[in-house]
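Notes for the one structure printed next.
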There are 2 protein chains.
Amino acid sequence: MDDVHTVIWNRPERAAKGPAPSRTRAEITDAAIAIADAEGIEALSMRRVAQELGTGTASLYRYLASKDDLLDLMLDAVAAEDGSPPALTGDWRTDLRGMAHRSRAAFHRHPWMTSLAAGRPSLGPNSLDAIEHALAALDPLGFDIDVMITIVNTVQAFVRGYAIGELAQQEAVRRSGVGVQQWMDAHAPYLDNVVKSGRHPLLARVIRDAELPHAADSAERGFELGLERLLDGWEANLPARP
Amino acid sequence: MDDVHTVIWNRPERAAKGPAPSRTRAEITDAAIAIADAEGIEALSMRRVAQELGTGTASLYRYLASKDDLLDLMLDAVAAEDGSPPALTGDWRTDLRGMAHRSRAAFHRHPWMTSLAAGRPSLGPNSLDAIEHALAALDPLGFDIDVMITIVNTVQAFVRGYAIGELAQQEAVRRSGVGVQQWMDAHAPYLDNVVKSGRHPLLARVIRDAELPHAADSAERGFELGLERLLDGWEANLPARP
DNA sequence: CGCTACTGCGTCCACTGTTCGCAGTAATGC
DNA sequence: GCATTACTGCGAACAGTGGACGCAGTAGCG
């Protein structure tokens with residue numbers, strides 16, 4: 001349609017002329033997030049959003065060029081949930097650790113983010129704010145901008161990848177529609193075969209270990225351990241100041 | 001239908017009685033991978049797979065309980081592409097680094113994996129082989145199994161998250177149906193605004209930096225740097241032997 | 001006041017994953 | 001040798017999807 005305003009982030013919300021729109025992008029986005037939270041990402045359809053808002057399905061396309069746009073808006077809305085990033089502490093490790101934990105918490109609040117993060121670069125204004133904030137934490141160290149962005153990138157990559165792995169089983173269970181116990185029961189014979197075959201002795205130990213009670217918070221501990229190791233690695237190898 | 005063979009990995013490929021099936025799961029999986037490689041994951045439909053194989057759509061459901069099963073098979077098939085994991089070198093860093101690079105290469109060969117990895121725990125036999133191999137690389141160090149699996153987990157998380165971030169833009173461009181240049185042109189006004197607004201001074205430097213020619217291999221360099229930092233972190237903090 | 005550019009939306013299209021039932025076939029039990 | 005059984009391939013149908021089109025109604029500018 002338009003030549004210059006092709007990207008959602010650069011498209012004005014309201015037209016200059018004509019009747020005022022009766023909804024806002026934010027209302028639509030919030031409704032979509034509520035549906036995805038409650039019923040899963042596969043239940044999120046344009047019809048379902050329209051129903052939630054009590055409007056016609058086609059009306060949504062006055063606000064969004066496509067469902068893809070809606071998904072972009074959802075991701076960026078989540079990036080703003082925590083409000084403005086906290087003030088910098090002066091210690092880059094503390095600041096980056098905080099960013100990592102906030103990001104992981106967002107994934108846990110909205111597990112559908114794992115599905116959307118793939119194939120969708122986070123270029124929304126709120127995501128950019130978060131990156132700027134992380135860069136600011138590294139700024140006092142006085143390094144090249146490409147070193148700084150690489151550090152931020154790798155931390156974000158770790159958080160994203162860890163959250164996806166963490167939530168993968170939970171999401172598979174939810175999508176299957178049965179309870180955790182039934183899902184486990186369905187998979188038990190296969191894992192039993194893996195253990196009994198003897199060709200995966202170390203994995204067998206992992207599987208047995210996973211049945212222990214202490215495993216409850218192992219995901220959280222693994223995240224913290226991995227994150228600290230990554231930060232350790234950067235701290236020990238920060239390049240010399242230019 | 002069945003009580004014990006509910007999980008694809010534990011379901012026999014061929015029935016005991018009746019006519020022999022005219023295809024195999026592997027044929028179907030390969031066809032699906034070829035389609036996803038060539039036309040993108042959103043072009044992968046059961047009808048499209050059936051057409052590729054010259055068979056009826058409903059016939060596929062003699063081999064698979066659902067499309068989800070097919071996606072699981074695709075992921076596990078990719079995990080077997082490199083053949084058996086190479087022999088251990090005796091240096092855990094070298095072995096884990098190799099695993100990470102092979103995994104990243106698989107993501108690049110099959111960008112649709114980024115979409116599938118979310119919400120889908122990798123429990124297929126080939127994925128399990130890879131994990132067993134990584135654990136074996138750490139075994140000589142003599143640590144608890146939960147420490148070992150945590151190290152493997154964090155490395156896999158980093159690779160997954162980095163690959164997803166790396167391929168996100170490429171996938172967005174592909175999905176949009178236009179060329180890289182047109183996609184860039186569509187986003188340029190927005191990024192210009194970000195730079196001009198002055199509220200993201202560090203990001204502005206990143207955006208300017210990204211236009212430099214050296215940025216061509218920056219994704220690869222970032223991956224290697226981050227991976228080495230993570231391995232550094234583990235090496236420096238390996239817990240005391242039990 | 002009229003013209004223009006918008007808004008809301010009913011209706012339609014092509015497509016999706018999956019199920020049902022039927023005809024054909026290979027191995028088994030007797 | 002022959003009925004029985006358990007499978008195979010698959011056309012057709014079903015409920016759902018994202019999105020396009022065009023029409024009626026309306027708000028603001030000249």
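In the text below, chain A, chain B and the rest are named by the order of the sequence lines, each starting its count at 1.
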Within the structure shown, what part of the strands sits under 4.0 Å from B:L44 by heavy-atom distance: base, sugar-phosphate, or nothing?
-> sugar-phosphate
Give B:S45 one of three labels, base, sugar-phosphate or nothing, depending on what nucleic acid heavy atoms sit under 4.0 Å from its own.
-> sugar-phosphate
Identify which nucleotide among C:dC20, C:dT16, C:dG8 has an atom closest to any side-chain atom of B:A58, counting heavy atoms from C-beta outward.
-> C:dC20
Options D:dG19, D:dC21, D:dT8, nucleotide nearest the side-chain atoms of A:S66 = D:dG19
B:A20 or B:R62, whichever maps to the more 5' nucleotide of DNA chain C = B:R62
Nearest-Å distance, [atom1] ([X]) to [atom2] ([N])?
X: A:R11; N: C:dC6; atom1: CZ; atom2: P; value: 13 Å
X: B:R23; N: D:dG9; atom1: CZ; atom2: C1'; value: 10 Å
X: B:R175; N: D:dG19; atom1: CZ; atom2: P; value: 11 Å
X: A:L60; N: C:dC9; atom1: CG; atom2: C1'; value: 10 Å
X: B:Y61; N: D:dG11; atom1: OH; atom2: C1'; value: 15 Å
X: A:I35; N: D:dT17; atom1: CD1; atom2: P; value: 11 Å
X: A:Q51; N: C:dC9; atom1: CD; atom2: P; value: 14 Å
X: B:M46; N: C:dT19; atom1: CE; atom2: C1'; value: 13 Å

Counting only heavy atoms not in A:R199, do more than 12 sit closer than 6.0 Å to its CZ atom?
-> no
I want to check one thing: is the phosphate of [N], taken as OP1 and OP2, less than 4.0 Å away from some side-chain N or O of [X]?
X: B:T55; N: D:dC10; result: yes
X: A:S59; N: C:dC9; result: yes
X: B:Y63; N: D:dG9; result: yes

Decide, yes or no, whether a salt bridge links A:R109 with A:D82 under the criterion of side-chain N to carboxylate O below 4.0 Å.
-> yes
Charged N-O contact under 4.0 Å between A:R174 and A:E42 | yes
Spell out yes or no: do the side chain of A:R47 and the base of D:dG16 have one donor N/O and one acceptor N/O closer than 3.5 Å?
-> no
Closest nucleotide of DNA chain D for A:A65 versus for A:A43: which of these residues is on the 5' side?
-> A:A43
Would you say A:V78 and A:W112 make side-chain contact, with heavy atoms under 4.5 Å?
-> yes
No-hydrogen, no-angle side-chain donor-acceptor test under 3.5 Å, A:N10 and B:H187 = no
